[in-house]
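The structure appears right after this line, and notes come after that.
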Amino acid sequence: MRFDVISLFPDMFAVVRDLGVTGRAHGQGLWNLQAWNPRDFTHDAHRTVDDRPYGGGPGMVMMAAPLAAAVQAARARRAADALEPAPVILLSPTGRRFDQPRAQSLAASAGAVLICGRYEGVDQRFIDRHVDEELSLGDFVMSGGELAAMAIVDATVRLLPGVLNDDESAIQDSFNPALSGLLDSPHYTRPEIYEGEAVPAPLLSGHHANIARWRREQSLRLTAERRPDLIQRAREQGWLTPQDERFLKTLGPGA
């Protein structure tokens, strides 16, 4: 799989390419990163990629032509490298929220072309002609799409086979269907007693069924407290068992 990233600051992506889990996987050839700078596709002395917005207003808008040329170059390189066509994704506050299922679908694909916007936005004509999907990390605005793109790359690459030391780790992630889309349970490690607080007894029991039930109940408790919307979604999907529902009733109204 390969991510082609179109950014005015391609050096930022050294973080996911060279460091941590994603960096190790990149070194092993489990995924690849190709960066494209729109300034390399301009034709003036100043390498201009932005201009004032029609209609007035603050800030600048990214021009369509350099971005379009970068996308075309990325697509041509992918074709030359015998890679499947990939969706062009714009990181934008107006996009739908990126989530674990979208990360899983990307991990099962040949990758994507990620567009990192800057300034006040991107010329809509570029979006209409070249962008297949818009994604957002949440209801907030950043200076550019690079950090959002890196988050998407990280969330996706860690799901690829062989990236994590234990492939079961990803299955236990929060929001994973294996957890009914709920939040993960708390985790503990050595020492057994830390500042007077002991590891919960079920985790020390060696009884696999009791451990699994404790983790499920803690997942339900944490999700009901912090993300009740995920409890509702799990109900709608039919992911909660009668035992789950009985436990949720013990948490009081609203669970």
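Quick note: numbers below take in every heavy atom, side chains included, and nothing from hydrogens, waters or symmetry partners. Bear in mind that the values here come from a model prediction, so they are computed numbers and not experimental data.
By the 4.5 Å heavy-atom criterion applied to side chains, Thr156 and Met1 are counted as neighbours. Contact check for Leu67 versus Val122: side-chain heavy atoms found under the 4.5 Å cut-off. Between Ile193 and Glu197, the closest side-chain pair of non-hydrogen atoms is not below 4.5 Å. Residues Leu106 and Ile152 meet the side-chain proximity criterion, which asks for heavy atoms closer than 4.5 Å. Side-chain atoms of Glu134 and Arg96, non-hydrogen and from C-beta on, never get closer than 4.5 Å to each other. The shortest distance between side-chain heavy atoms of Arg235 and Leu240 falls below 4.5 Å. Counting heavy atoms from C-beta outward, Val71 and Arg75 have side chains that approach closer than 4.5 Å. At least one side-chain heavy atom of Ser7 sits less than 4.5 Å from a side-chain heavy atom of Glu146.
Shown here for Ala103 and Ala155, the closest heavy-atom pair between the two residues is CB-O, 4.0 Å. Scanning all heavy atoms of the two residues, the minimum distance from Ala86 to Gly111 falls at CB-O, 3.6 Å. Here the closest heavy-atom approach between residue Ala25 and residue Val157 is recorded as CB-CG1, 4.2 Å.
A donor-acceptor contact shorter than 3.5 Å links the side chain of Arg129 to the backbone of Arg125. A distance-only check finds no donor-acceptor pair linking the side chain of Arg17 to the backbone of Gly27 [under 3.5 Å]. Although no hydrogens or angles enter the test, the distance criterion places a donor-acceptor pair under 3.5 Å between the side chain of Ser219 and the main chain of Leu183.
Taking hydrophobic clusters as Ile, Leu, Val, Met, Phe, Trp and Tyr residues chained together by side-chain heavy-atom distances below 4.5 Å, Phe247 shares a cluster with Leu182. Phe126 and Met60 end up in the same hydrophobic cluster when Ile, Leu, Val, Met, Phe, Trp and Tyr side chains are linked at under 4.5 Å. Under a hydrophobic clustering in which Ile, Leu, Val, Met, Phe, Trp and Tyr are joined whenever their side-chain heavy atoms come within less than 4.5 Å, directly or via other members, Met12 and Val141 fall into different clusters. In terms of hydrophobic clustering, with Ile, Leu, Val, Met, Phe, Trp and Tyr side chains grouped at heavy-atom distances under 4.5 Å, Trp31 and Leu83 are assigned to different clusters. No chain of hydrophobic side-chain contacts below 4.5 Å, direct or via other Ile, Leu, Val, Met, Phe, Trp or Tyr residues, connects Leu251 to Trp239.
Side-chain contact, Arg39 with Thr42: no donor N or O sits under 3.5 Å from an acceptor N or O. For the 3.5 Å distance criterion, the side chains of Asn32 and His26 qualify, holding a donor opposite an acceptor. Side-chain atoms of Ser180 and Arg233 include no donor-acceptor pair closer than 3.5 Å.
One finds no salt bridge joining Glu245 and Lys249 here, because no Lys/Arg side-chain nitrogen approaches an Asp/Glu carboxylate oxygen to under 4.0 Å. Of the charged side-chain nitrogens involved, at least one lies within less than 4.0 Å of a carboxylate oxygen, so that Arg216 and Asp244 count as a salt-bridged pair.
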Exercise. Show your working on salt bridge (charged side-chain N to carboxylate O under 4.0 Å, His left out) between Asp184 and Arg215 and close with a plain yes or no.
Key: CA-CA 8 Å; Asp184 195 5; Arg215 286 176 171 161; over 6 Å; no
Exercise. List the steps and the verdict of salt bridge (charged side-chain N to carboxylate O under 4.0 Å, His left out) for Arg221 and Glu217.
Key: CA-CA 6 Å; Arg221 183 193 307 275; Glu217 290 179 352; 5.8 Å; no
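Considering Ile89, Asp4, Asp132, Leu90 in turn, Asp4 is the only one that fulfils the side-chain contact (heavy atoms from CB on, under 4.5 Å) rule with Val113.
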